[in-house]
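Written out below as structure tokens is the structure these notes cover.
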Protein chains: 2
Amino acid sequence: MVEGQPWWQLRLRKRGYRATLGRKAIIEFLSRSWKHPSPEQIYLTVRRIYPGIGLTSVYRTLEVLEHLGIIRKLVFGDGRSRYEISGGPRWRYHQHLFCVKCGKVIDYQSYIEEKEKLLNKIGKALSKKFSFKINTHQLHFYGLCKKCR
Amino acid sequence: MVEGQPWWQLRLRKRGYRATLGRKAIIEFLSRSWKHPSPEQIYLTVRRIYPGIGLTSVYRTLEVLEHLGIIRKLVFGDGRSRYEISGGPRWRYHQHLFCVKCGKVIDYQSYIEEKEKLLNKIGKALSKKFSFKINTHQLHFYGLCKKCR
DNA sequence: GTAAATGCAAAGGTTTTGCACGTTA
DNA sequence: TAACGTGCAAAACCTTTGCATTTAC
């Protein structure tokens, strides 16, 4: 029964969560999306494939998936949250540029290794200094995209 | 008339903004604060010194001050924004740790130079690659503080 | 069959807007 | 005295909660 299951299904079940149709639809949508949709955008799109879904379930599902590390929540301060897949076979670590005018999010992968090395070093120093357990980090650049500048 | 004016007053006037009592009260409060207050916290505190102020003005003032680079807006994704002074004589560059359980924000200054060097390098590469004009960045670590872990 | 998950409607919390009035330069 | 700034109330938005019903295992 284990083989043949998508990676995320296994992760859900291992932690006692059920692999429902709504969750499946949301994860599959996010896996295919190269954008960083907000809960409402996810709701509007997923609804076309799985018409029964409600916005509430989208929010609740996103919370669960984030908790399991299947997705990542991004906040840029424009009043809406955004989500992206953070695991699975095709996934690659990356960071983000945010256009403060139009809200466009651009993925980038420059100097990832160098950055990871430094951030790990910083993270370790901080854990020790403040007895703080670091789970994750976010590095965002803010500015104006090509169209908006 | 120029000497004797606080640094922020000059910055406001140079850009055509007026140095009102409300703005003065907010900036002075933020200059003294080592915390990262939300608009509501700013409102509640400043109101004790300057009772006439309204929450709306706090929001509008924060927007102006951020636009002028006098303060910085911090977002951690818990549904409220936070602000801190980002200039003036006593100010020192720093970054933040955020406790996802209690919302505590800790300032830190580890490896600042090394980090700045790398981020400038990344910033330049990204500006070029995406024709993106970078204004600022935020690097946040998320986790659990001493009390909450 | 039982506990988990869902949809709907309502509520909650933060931030923004309209407009008449007050203040600053 | 002309703009600019402000306070109040209302609106707009995003997100969460309560509860009866459905679904997964």
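Chain identifiers are assigned alphabetically (A, B, ...) following the order of the sequence lines, protein sequences preceding nucleic acid strands; residue numbering begins at 1 within each chain.
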Provide, to the nearest angstrom, the distance between the [atom1] atom belonging to [X] and the [atom2] atom belonging to [N].
| X | N | atom1 | atom2 | result |
| --- | --- | --- | --- | --- |
| B:K24 | C:dT24 | NZ | P | 12 Å |
| A:R47 | C:dG7 | CZ | P | 11 Å |
| B:Q9 | C:dT24 | CD | C1' | 12 Å |
| A:I53 | C:dT6 | CD1 | P | 7 Å |
| B:R23 | C:dT24 | CZ | P | 11 Å |
| A:Y43 | C:dC8 | OH | P | 7 Å |
| A:Q41 | D:dC13 | CD | P | 15 Å |
| B:R15 | C:dA25 | CZ | C1' | 19 Å |

Between [Y] and [X], do the side chains contain a donor N or O and an acceptor N or O under 3.5 Å apart?
| X | Y | result |
| --- | --- | --- |
| B:Q95 | A:H137 | no |
| A:Q138 | A:H96 | no |
| B:K115 | B:Y93 | yes |

message: I'd like to know if A:V105 and A:L139 are part of one continuous hydrophobic network [Ile/Leu/Val/Met/Phe/Trp/Tyr, side-chain heavy atoms within less than 4.5 Å].
response: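 Each belongs to a different hydrophobic cluster.
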- request: On the 0 to 90° scale, with breaks at 30° and 60°, tag the A:Y142-A:H140 ring pair as parallel, tilted or perpendicular.
  value: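 It falls in the perpendicular class, over 60°.
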What pairs of nitrogen or oxygen atoms, one from the protein and one from nucleotides 21-25 of chain D, lie under 3.5 Å apart?
{"from": "D:dA24", "atom 1": "N3", "to": "A:R18", "atom 2": "NH1", "distance (Å)": "3.1"}
{"from": "D:dC25", "atom 1": "OP1", "to": "A:R13", "atom 2": "NE", "distance (Å)": "3.2"}
{"from": "D:dC25", "atom 1": "OP1", "to": "A:R13", "atom 2": "NH2", "distance (Å)": "2.9"}
{"from": "D:dC25", "atom 1": "OP1", "to": "A:A19", "atom 2": "N", "distance (Å)": "3.2"}

- request: For A:R82 and A:V75, indicate whether the former's side chain and the latter's backbone hold a donor-acceptor pair under 3.5 Å.
  value: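 No: the side chain of A:R82 does not pair with the backbone of A:V75.
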field: Under 3.5 Å: donor-acceptor pair, side chain of A:W91, backbone of A:I85
entry: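 Judged by distance alone, yes, a pair lies under 3.5 Å.
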Acceptor/donor pairs from residues 45-67 of chain B side chains to any protein atom, 3.5 angstrom cut, sequence neighbours excluded:
{"from": "B:T45", "atom 1": "OG1", "to": "B:Q41", "atom 2": "O", "distance (Å)": "2.9"}
{"from": "B:R47", "atom 1": "NH1", "to": "B:Y43", "atom 2": "OH", "distance (Å)": "3.1"}
{"from": "B:T61", "atom 1": "OG1", "to": "B:S57", "atom 2": "O", "distance (Å)": "2.9"}

message: Between A:K24 and A:E28, does any NZ, NE, NH1 or NH2 come within less than 4.0 Å of an OD or OE carboxylate oxygen?
response: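 Looking at A:K24 together with A:E28, the answer is yes, because their closest N to O distance falls below 4.0 Å.
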- line: Reading nucleotides 11-17 of chain C from 5' to 3' and marking B where a protein heavy atom lies under 4.0 Å of the base, S where only the sugar-phosphate is that close, and - otherwise, the string is ---SBBB
